[in-house]
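A quick write-up on the structure given underneath.
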Amino acid sequence: MVVRKYEDELKYLEKISPYCWKIKKGFQPNMNVEGVFYVNKNLERLMLDELRNSCRPGMVGGFLPGVKQIANVAALPGIVGRSVGLPDVHSGYGFAIGNMAAFDMSDPKAVVSPGGVGFDINCGVRLLRTNLFAEDVLPIKEQLAQSLFDHIPVGVGSKGIIPMNARDLEEALEMGMDWSLREGYIWAEDKEHCEEYGRMLNADPSKVSMRAKKRGLPQLGTLGAGNHYAEIQVVEEIYDKNAASKMGIEETGQICVMIHSGSRGFGHQVATDALVEMEKAMKRDQIEVNDRQLACAHINSTEGQNYLKAMSAAANFAWVNRSSMTFLCRQAFAKQFKMTPDDLDMHVIYDVSHNIAKVEEHIVDGRPKTLLVHRKGSTRAFPPNHPLIPVDYQLTGQPVLIGGTMGTCSYVLTGTEAGMKDTFGSTCHGAGRALSRAKSRRNLDYTDVLRKLEEMGISIRVASPKLVMEEAPESYKNVTDVVNTCHEAGISKKTFKLKPIAVIKG
């Protein structure tokens, strides 16, 4: 492996707008299409510094910067359009986190890659609104935070309190939120405000290993650890009054609850199992990739189809998981305010996935094509009048939920026509890491992080205080930079901004 000088690397990069860079063919071997990444001035510096550091002597075989991972994805068989890096992009397994790529379903060579979905399949965000305001919540913020913490199991190895046996799990994997509705854990309208209506129809539990099912069975209705959280948030700023009103947000000061979680150990095992099978399929079918972490299989191969069916089951698991926590969250609020969740207007604004691969129709070179769109650390952002978004949001575009880091703001955006054309209807998913977890633990002291949150007036409940270092705001890019880049580039549009007043973490 030869490491080029930084100056030689830069020759393959071209700034094509104030918010977008092109990665030319030749930057990495065998690129079938070009790559792009979206950044503003601040994020551009982070991206190029990462590339510069990877070119230093002694870095051969070391970490792969996000820009090279975007280019490696551009070399995968069957990719169309461009390999896209969103502003929160950073190094991940195979694909960068914040990387989106689409593959032509009619091309027999086109592939599906678990690295393009991630280990936490259907990690995503759900936002609930309420009719409460800051003045209702601030006096009892500590009690409410404790109530949420008491209701929602959190942390590594946490076990759910939703009754679940092996047969229930099989049904939940197949039915997704239809199972939650049947069991009485959600309201019928929750499903209407969820991507895919909370159910991937091609899910097949028989394609999931017994080990994955054993890992998943006790974890339903649990938050997990890492960057997962439940936050009580207050609407701080409204940019688009019409779109916000459609979502039930009428004025600043209104209280919302954001839940960020995924498919827990279940999804992780599904991905691990698939990677083993795909390495065998690559040898058989002589598929060459630039990075072995990009293990993949032809979409229509047995391995490709088995993975998509198991991945869909994991996606359904994640939707049932977020639905179960929605139920627990409503219970916590109802208990604290001595009112029903309905009286508190605790409706789901929307639920989005940001780790998934889905079959979608898009225009490529002026013609409609059926594509398998991989979104890893990337959120679907469909424009107004798209048939796959709820009737309520037909005139505004799909709500896009962008979770901030612990102690920073979050945003709600809407999809745009420009995003549909330039990024296959995709936008950012959050802040994106600036420091690795290991570096965060070395550089930060958890007591300092907790003290800063307290000074900001944020109540926090955390299962393991030392894990707070990994999720400190300093470990991440500035979410406002990320969101503003997407807004200015036109691939999504700002609707309103939320700030946390209480955080529940694993």
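- For the residue pair Asn72 / Asn290, a side-chain donor-acceptor distance below 3.5 Å is found, with atom types taken as modelled.
- The salt bridge (Lys or Arg N to Asp or Glu O under 4.0 Å) test applied to Asp49 returns Arg52, not counting sequence neighbours.
- A side-chain N or O of Gln398 and one of Arg380 form a donor-acceptor pair less than 3.5 Å apart.
- Partners of Asp190 under the side-chain hydrogen bond (donor to acceptor under 3.5 Å, both in side chains) rule, at least two apart in sequence or in another chain, are Arg330.
- Here the closest heavy-atom approach between residue Met325 and residue Ser261 is recorded as CE-OG, 3.0 Å.
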**Asked** Can you list the steps and then say if Thr480 with Tyr411 is a side chain to side chain donor-acceptor pair (under 3.5 Å)?
**Response** CA-CA 8 Å; Thr480 300; Tyr411 288 86; 2.8 Å; yes

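- The 12-atom threshold is exceeded at NZ of Lys15, counting heavy atoms of other residues, nucleotides or ligands nearer than 6.0 Å.
- Inspection of the Thr252 and Glu236 side chains reveals no N or O donor paired with an N or O acceptor under 3.5 Å.
- No hydrogens or angles considered: a donor-acceptor pair under 3.5 Å links the side chains of Asp273 and Gln269.
- With respect to the salt-bridge test (charged N to carboxylate O, under 4.0 angstrom), the residues Arg375 and Glu360 qualify.
- For the residue pair Asn42 and Asp481, a side-chain donor N or O sits within less than 3.5 Å of a side-chain acceptor on the partner.
- Using a 4.5 Å cut-off on side-chain heavy atoms (C-beta onward), Tyr197 and Met177 make no contact.
- Between Glu237 and Lys494 there is no salt bridge, since none of the side-chain N atoms of the basic residue sits less than 4.0 Å from a carboxylate O of the acidic one.
- Classification of the His193-Tyr350 ring pair by plane angle, with boundaries at 30° and 60°, yields tilted.
- Under the salt bridge (Lys or Arg N to Asp or Glu O under 4.0 Å) criterion, Lys191 pairs with Asp178, sequence neighbours left out.
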